[in-house]
Amino acid sequence: MADRRHVLILGGGTGGTIAANRLRRLLPNSVDITVVDSNDDHVYQPGLLFVPFGLTHAGDLVRPRGRQLHDGIVYTHATVDRVDTAHNTVSFAGGETAGYDVLVIASGAVLMPEETEGLTGPGWGEKVFTFYSLDGALALAPVLAGFKMGRIVVNVVDMPIKCPVAPLEFCFLADWFLRERGVRDQVSLTYVTPLDGAFTKPVASKRLGELLADKGIEVVTEFNTGTVDAEAGTLVSYDGREVPFDLGVVVPLHGGAEFVGRSAGLGDELNFIPTDAHTLQSKAAPNVFVIGDAAGLPVSKAGSVTHFEGEVLTENIRRFLDGDSLDASYDGHANCFIETGFGKAVLIDFNYDTEPLPGHFPTRVGLPLLKESHLNHLGKLMFQWFYWHALLPGHSIPGIASDMPTAGKHQVPAGTR
Ligand SMILES: Cc1cc2nc3c(=O)[nH]c(=O)nc-3n(C[C@H](O)[C@H](O)[C@H](O)COP(=O)(O)OP(=O)(O)OC[C@H]3O[C@@H](n4cnc5c(N)ncnc54)[C@H](O)[C@@H]3O)c2cc1C
């Protein structure tokens with residue numbers, strides 16, 4: 001028993017739970033696994049989108065964190081204060097410390113609304129909301145249900161954010177919701193983004209931009225929000241442009257967990273962790289690996305990404321412990337259902353090198369890509385079941401693996417984009 005190694009996992013959300021459960025199965029006899037989290041409620045975050053529209057309830061989205069972990073994994077409720085990669089130790093807010101052989105950082109991203117001038121001042125929670133937290137989504141629901149006339153503005157303060165399509169989905173669902181309530185003609189909907197289009201990648205950006213236009217949703221691009229004056233109802237950009245609103249729905253600036261900033265050499269200026277894009281080993285130390293939103297990688301901060309990373313990450317922890325060379329096969333695979341209202345959704349699937357393209361997923365037959373369909377909407381709803389019963393337990397899903405499938409994708413000639 002003396003040569004058992006200790007894998008310490010910081011964060012028991014999507015990535016920490018997937019990593020722990022996969023490792024437990026991969027290395028049942030040679031590692032002790034501890035998962036630490038400061039909060040015992042595991043929230044299904046994709047469900048937050050539906051809360052403001054009364055389509056789901058908090059009780060449907062929250063489960064006890066420790067119960068998502070397989071037997072044999074130790075779950076500890078504690079707040080990480082800092083990591084000392086030189087001495088392989090982690091300090092906690094209560095003053096205790098823990099050592100590790102391998103550290104997995106799965107501490108996600110935090111919302112930093114206080115970083116935007118005025119955002120959390122008077123009017124926050126009354127006229128300006130975010131649906132990116134459970135409390136925020138719950139507070140927004142009655143306001144949206146009673147909104148009959150005026151301007152609703154959905155604003156992304158800056159990138160990166162979790163699930164970069166969620167604010168677009170909010171716009172599409174708001175259009176549907178207001179039409180269902182018979183007040184859409186009296187309400188203008190505007191999407192205000194720091195990007196130069198609806199999305200980061202050209203083909204998807206064009207298709208999603210067309211969908212926004214079809215639904216009468218105005219788009220304001222390249223808007224870097226400097227100030228939010230909630231009382232006056234105005235967004236002000238750093239270059240002096242103003243967008244007025246009666247109801248503001250803001251996705252605040254995101255950063256990595258605060259302890260990263262207190263840990264010498266671990267993070268970047270936003271507290272995300274520089275990480276090898278293909279092996280998921282941190283740049284800070286060879287025995288530190290990173291999964292999910294905590295990583296400073298050019299991928300979407302999404303549960304799907306976290307799931308795909310989990311396969312490579314756990315294999316690499318095994319290799320690291322065995323002294324083997326690491327598997328550099330993570331290709332940036334991401335996919336996401338984009339709810340578009342009226343019982344439809346669009347699916348996108350992409351990686352570091354291939355942008356979201358039309359076609360089908362995962363092969364030539366399957367779910368339509370970059371196209372609205374009821375089937376995709378059912379896929380979006382099914383994802384919640386998959387999350388609790390397949391993703392978190394760390395099961396491999398047949399046909400949906402870490403490598404991005406190419407068989408069903410159609411190339412789009414540059415001139416027709
Ligand atoms: C509104 C919304 C919609 C979304 N929609 C989708 C979608 O449709 N599809 C999709 O794939 N993804 C979606 N996502 C993104 C997805 O939920 C995240 O990318 C995913 O949960 C990331 O997992 P993670 O493990 O990196 O972070 P998390 O699951 O957030 O876990 C991080 C954990 O670290 C813990 N932690 C942080 N700091 C400390 C500390 N100091 N001490 C101890 N514990 C700490 C936190 O308590 C938390 O439990 C959405 C997210 C939001 C907000």
Side-chain angles (χ1 to χ4, degrees), residues 8-20 34-52 56 61-62 65-66 68 75-83 90-94 98 104-111 130-134 136-137 140 156 160-170 173 249 251-252 254-263 271-273 290-295 297 299-310 313 333-339 345-349 376 379-381 383-384 386-387 391-392:
L8 179 58
I9 302 180
L10 307 184
T14 314
T17 305
I18 291 173
T34 307
V35 176
V36 179
D37 206 293
S38 52
N39 168 328
D40 289 337
D41 290 339
H42 189 135
V43 178
Y44 174 67
Q45 296 178 50
L48 297 178
L49 170 71
F50 296 109
V51 173
T56 190
L61 304 181
V62 185
R65 203 176 287 290
Q68 313 315 314
Y75 172 64
T76 304
H77 177 124
T79 301
V80 177
D81 182 55
R82 72 189 64 213
V83 173
V90 174
S91 310
F92 299 101
V104 177
I105 302 184
S107 44
V110 292
L111 308 180
T130 185
F131 65 99
Y132 264 54
S133 67
L134 186 53
L140 175 55
V156 175
I161 60 168
K162 303 191 224 192
C163 193
V165 296
L168 286 171
E169 296 181 278
F170 187 93
L173 282 180
V249 179
V251 180
H254 285 40
E258 280 180 24
F259 76 82
V260 176
R262 292 190 291 268
S263 306
N271 292 344
F272 293 118
I273 301 169
V290 191
I291 184 168
D293 297 349
L297 288 178
V299 283
S300 291
K301 296 200 178 299
S304 63
V305 168
T306 308
H307 163 66
F308 296 134
E309 288 174 344
L313 177 117
H333 188 193
N335 64 20
C336 205
F337 290 106
I338 306 169
E339 192 69 13
V346 167
L347 175 63
I348 54 175
D349 188 67
N376 287 336
K380 174 99 185 172
L381 299 185
F383 189 70
Q384 185 164 352
F386 266 107
Y387 183 82
L391 263 63
L392 290 187

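Each ligand, and each atom within it, is numbered from 1 in the order the structure gives.
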Can you check whether [X] has an N/O within less than 3.5 Å of an N/O in ligand 1?
| X | answer |
| --- | --- |
| Ala302 | yes |
| Lys380 | yes |
| Ser304 | yes |

Which of the atoms of ligand 1 are close to [X], meaning less than 4.0 Å from one of its heavy atoms?
| X | answer |
| --- | --- |
| Gly15 | 23 (O), 24 (P), 25 (O) |
| Thr79 | 41 (N), 42 (N) |
| Lys301 | 15 (C), 19 (O) |
| Gly292 | 26 (O) |
| Gly11 | 33 (C), 34 (O), 35 (C) |
| Ala257 | 38 (N) |

Tell me which protein heavy atom sits closest to [atom], plus the residue, atom name and distance to 0.1 Å.
| atom | result |
| --- | --- |
| atom 27 (O) of ligand 1 | Gly108 CA, 3.5 Å |
| atom 42 (N) of ligand 1 | Val80 N, 2.9 Å |
| atom 19 (O) of ligand 1 | Asp293 OD1, 2.9 Å |
| atom 37 (C) of ligand 1 | Ser107 O, 3.3 Å |
| atom 3 (C) of ligand 1 | Gln45 O, 3.6 Å |
| atom 9 (N) of ligand 1 | Cys336 SG, 4.0 Å |
| atom 50 (C) of ligand 1 | Cys163 CB, 3.5 Å |
| atom 44 (N) of ligand 1 | Ser38 N, 3.2 Å |

Inset, instruction - Tell me, please: is His307 in heavy-atom contact with ligand 1, that is, under 4.0 Å? - result: no

Legend entry - Contact check, Arg65 vs ligand 1, heavy-atom distance below 4.0 Å: yes

Please answer whether the main-chain N or O of [Y] pairs with a side-chain N or O of [X] as donor and acceptor at a distance below 3.5 Å.
| X | Y | result |
| --- | --- | --- |
| Glu339 | Glu169 | no |
| Arg82 | Phe259 | no |
| Asn376 | Ala345 | yes |

Inset, instruction - Could you list the residues that satisfy salt bridge (charged side-chain N to carboxylate O under 4.0 Å, His left out) with Lys162, not counting sequence neighbours? - result: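 Not a single residue meets the salt bridge (charged side-chain N to carboxylate O under 4.0 Å, His left out) criterion with Lys162.
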
Legend entry - Rounded distance (nearest 0.5 Å) linking atom NE2 of His307 with atom OG1 of Thr14: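 It is 11.5 Å, given to the nearest 0.5 Å.
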
Legend entry - Straight-line distance of Asp293 CG to Ile161 CD1, nearest 0.5 Å: 11.0 Å

Taking [atom] as the point of reference, which of [options] owns the nearest heavy atom?
| atom | options | value |
| --- | --- | --- |
| atom 53 (C) of ligand 1 | Phe337, Phe259, Tyr132 | Tyr132 |
| atom 33 (C) of ligand 1 | Leu111, Val43, Asp37 | Asp37 |
| atom 29 (O) of ligand 1 | Ile18, Asp81, Thr14 | Thr14 |
| atom 10 (C) of ligand 1 | Gly303, Gly256, Ala78, Ala345 | Gly303 |

Any idea which heavy atoms bring [X] and [Y] closest together, and the distance?
| X | Y | result |
| --- | --- | --- |
| Arg262 | Asp81 | NE-O, 2.9 Å |
| His42 | Gly12 | ND1-O, 3.6 Å |
| Lys301 | Ala295 | NZ-O, 3.0 Å |
| Pro52 | Leu48 | CD-O, 3.1 Å |

Inset, instruction - Please lay out, stage by stage, how Phe92 and Val36 fare under the test side-chain contact (heavy atoms from CB on, under 4.5 Å). - result: CA-CA 10 Å; Phe92 299 101; Val36 179; 3.7 Å; yes

Inset, instruction - Evaluate the ring planes of Tyr132 and His254, with Trp represented by its six-membered ring, and classify them as parallel (under 30°), tilted (30 to 60°) or perpendicular (over 60°). - result: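 Tyr132 vs His254 ring planes: perpendicular.
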
Inset, instruction - Mind telling me whether Phe131 and Phe170 have parallel, tilted or perpendicular rings, with 30° and 60° as the class edges? - result: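 Ring orientation of Phe170 relative to Phe131: parallel.
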
Legend entry - Evaluation steps, side-chain contact (heavy atoms from CB on, under 4.5 Å), between Val290 and Glu309: CA-CA 9 Å; Val290 191; Glu309 288 174 344; over 6 Å; no

Legend entry - Region of Glu258 that comes within reach of ligand 1 [heavy atoms, distance under 4.0 Å]: neither

